[in-house]
Amino acid sequence: MIQVSVQQDPIDPASVIEQVGHEQDGAVLLFVGVVRNHADGRSVTGMRYESFREMAVDVLEAIAGEAALHLGTDRIAVVHRIGELRIGDASVAIAVSSPHRGEAFEAARYVIEEVKKRLPVWKKEHYEDGSDEWVAGAVPPADGLLGGDG
Amino acid sequence: MIQVSVQQDPIDPASVIEQVGHEQDGAVLLFVGVVRNHADGRSVTGMRYESFREMAVDVLEAIAGEAALHLGTDRIAVVHRIGELRIGDASVAIAVSSPHRGEAFEAARYVIEEVKKRLPVWKKEHYEDGSDEWVAGAVPPADGLLGGDG
Amino acid sequence: MSLPVHALFFAAYRDLLGASRLELDLPDGATVRDLVEDLRGRGAPFDGLPAEPAVAVNRVYSPLSAPLQHGDEVAFIPPVAGG
Amino acid sequence: MSLPVHALFFAAYRDLLGASRLELDLPDGATVRDLVEDLRGRGAPFDGLPAEPAVAVNRVYSPLSAPLQHGDEVAFIPPVAGG
């Protein structure tokens with residue numbers, strides 16, 4: 001029941017929830033990352049997300065699989081958007097369904113933290129003055145796909 | 001920007017998110033509690049939620065206010081449903097919007113934990129054999145409205 | 001008797017008593033605990049209420065030692081199970 | 001030269017080199033580190049690549065010490081910024 005996607009299409013949070021929703025579960029958690037209109041004090045007008053798409057899909061599956069293994073819930077959906085995003089657009093959505101709320105919180109948190117550490121995705125911020133810049137990111141660990149100690 | 005509701009109407013998670021969504025924020029978190037089809041090994045066919053409604057609204061506002069104060073985000077919406085619920089129905093939805101994901105996770109978690117400790121809401125489980133029973137709950141602290149050390 | 005108060009009962013307590021609201025008169029200076037003891041002293045089914053229930057006075061959780069005022073609304077709060 | 005590999009460049013690295021893909025031939029037994037040094041030894045703009053970049057071999061993050069195989073795909077991964 002792990003579903004991941006790296007897509008150009010806009011993210012519909014409701015449909016990401018639907019991917020994990022099930023009547024046997026008691027808690028559903030949804031995390032949505034949204035493009036902000038400022039960064040480090042500069043006004044941002046938009047953002048371009050790029051990915052190494054085939055690898056990003058593998059890494060998302062690995063991350064979700066780790067969350068499932070460690071935290072006892074296998075109902076996880078992760079969608080990351082790529083392409084040109086506007087302020088307020090969802091860049092990532094993570095949905096987790098679990099019998100217990102603690103697991104749902106931990107699984108969603110694990111997924112977003114690992115995404116930021118090792119998903120091969122980059123973003124270029126567009127600023128009000130017309131310039132743009134690749135966002136300084138995180139150096140992924142060389143054993144990234146196998147995960148750290150989570 | 002704190003919005004709370006104790007309502008008979010079904011909960012629409014997307015509209016709860018909309019109550020907090022804003023382009024200045026980078027993280028949106030939604031927690032949904034769902035009626036499960038089993039409890040303590042017994043098959044549950046439905047659930048009746050009751051509240052001391054006027055007080056429940058006050059308590060929800062207090063809880064959300066505490067989360068806002070402690071965690072630095074004031075974009076919080078909480079909806080609790082009352083009445084007859086079916087399996088799979090959402091009983092509670094909590095949405096938090098925050099510039100930082102850590103705060104969003106912590107605020108949503110705080111709200112659901114406090115809801116379970118002190119919101120004047122009760123539920124009666126309906127079982128497959130036609131019987132029903134009030135769910136054993138938590139004794140709220142006598143200073144509940146002011147919160148513990150959260 | 002010169003201290004009228006309203007007692008509210010919810011969920012399991014309401015089912016126990018068969019009533020969601022009672023009007024009571026208590027002596028001046030009575031506390032929440034005096035109200036609880038007054039009720040429990042009436043025998044069945046009132047003695048089924050706990051000796052130290054959670055209560056909210058005017059919609060705020062309060063200790064049993066809280067003194068009551070004229071017209072206070074005292075809600076008996078069974079263990080809560082929201083969420 | 002008997003070890004053909006594909007090098008992929010993304011985001012800032014692609015902008016630096018003006019290329020998203022290069023085909024290279026390395027000596028037998030070459031490691032990822034040898035590939036990095038081969039590139040950096042070509043001068044500008046290749047010497048703008050870090051000496052110890054994160055790399056993925058065949059889509060799996062790998063240490064610089066990893067030996068390369070015929071036809072491997074080596075992706076240079078700039079610091080990531082997803083989410």
Side-chain angles (χ1 to χ4, degrees), chain B residues 6 31-36 39 47-63 78-82 85 90-94 108-109 111-125 132-148, chain C residues 5-24 30-40 44-69 71-83:
Chain B
V6 177
F31 172 85
V32 182
V34 176
V35 177
R36 296 169 64 180
M47 194 89 88
R48 177 177 175 74
Y49 279 83
E50 272 192 34
S51 73
F52 179 7
R53 194 160 183 276
E54 298 83 354
M55 180 176 165
V57 169
D58 290 349
V59 172
L60 281 185
E61 282 176 349
I63 291 171
V78 190
V79 181
H80 203 299
R81 191 170 170 201
I82 51 176
L85 273 69
S91 55
V92 63
I94 300 163
R109 188 75 195 263
V111 171
I112 184 62
E113 297 303 328
E114 292 299 308
V115 159
K116 289 181 175 278
K117 283 181 200 162
R118 57 188 168 111
L119 190 68
V121 165
W122 305 274
K123 59 189 175 196
K124 187 177 249 181
E125 286 173 350
D132 51 31
E133 213 166 90
W134 289 107
V135 173
V139 177
D143 61 346
L145 249 185
L146 299 175
Chain C
V5 300
H6 319 285
L8 305 183
F9 304 97
F10 295 91
Y13 294 165
R14 183 201 55 230
D15 288 359
L16 170 73
L17 303 185
S20 59
R21 183 183 178 102
L22 289 175
E23 307 299 332
L24 294 103
T31 64
V32 174
R33 188 181 295 279
D34 295 328
L35 165 58
V36 174
E37 287 177 0
D38 176 290
L39 285 172
R40 283 171 40 89
F46 293 96
D47 54 5
L49 290 172
E52 304 207 329
V55 297
V57 177
N58 302 327
R59 304 178 190 171
V60 177
Y61 288 114
S62 300
L64 295 173
S65 58
L68 293 170
Q69 309 293 327
D72 274 352
E73 173 200 81
V74 181
F76 284 70
I77 309 285
V80 300

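Letters A, B, ... mirror the listed sequences (proteins, then strands); counts begin at 1. Values in this document were obtained by computation on a predicted structure and should not be read as measured data.
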Closest contact, heavy atoms only, [X] versus [Y]:
| X | Y | value |
| --- | --- | --- |
| B:Lys116 | C:Val80 | O-CG2, 3.6 Å |
| B:His80 | C:Gly83 | NE2-N, 2.8 Å |
| B:Gly137 | C:Ala81 | CA-CB, 4.3 Å |

What option among C:Ala66, C:Ala75, C:Ser62 has the most heavy-atom pairs under 4.5 Å with chain B?
C:Ser62
So which of C:Pro79, C:Ala56, C:Ala54 has the biggest tally of heavy-atom pairs under 4.5 Å with chain B?
C:Pro79
So, B:Trp122 side chain and C:Pro78 main chain: donor-acceptor pair closer than 3.5 Å or not?
yes
Given heavy-atom pairs under 4.5 angstrom as the criterion, report whether the side chain, backbone, both or neither of B:Phe52 touches chain C.
both
With B:Met55, the side chain to side chain contact (heavy atoms under 4.5 Å, CB included) member among C:Val60, C:Ile77, C:Asn58:
C:Ile77
Mind ranking [options] by heavy-atom pairs under 4.5 Å with chain C and telling me who comes out on top?
| options | result |
| --- | --- |
| B:Ile112, B:Leu119, B:Val115, B:Ile94 | B:Leu119 |
| B:Ile82, B:Val121, B:Val139 | B:Val121 |
| B:Ala93, B:Pro120, B:Gly33 | B:Pro120 |

Less than 4.5 Å to any heavy atom of chain B: does that hold for the side chain of C:Ala12, its backbone, both, or neither?
both
Side chain / backbone / both / neither for C:Leu8 at chain B, heavy atoms under 4.5 Å
side chain
Are there residues of residues 13-23 of chain C that reach to under 4.5 Å of chain B by heavy atoms, and which ones?
C:Arg14, C:Asp15
Can you pull the salt bridge (Lys or Arg N to Asp or Glu O under 4.0 Å) pairs that have at least one residue in residues 45-56 of chain C, sequence neighbours excluded?
C:Arg33-C:Glu52
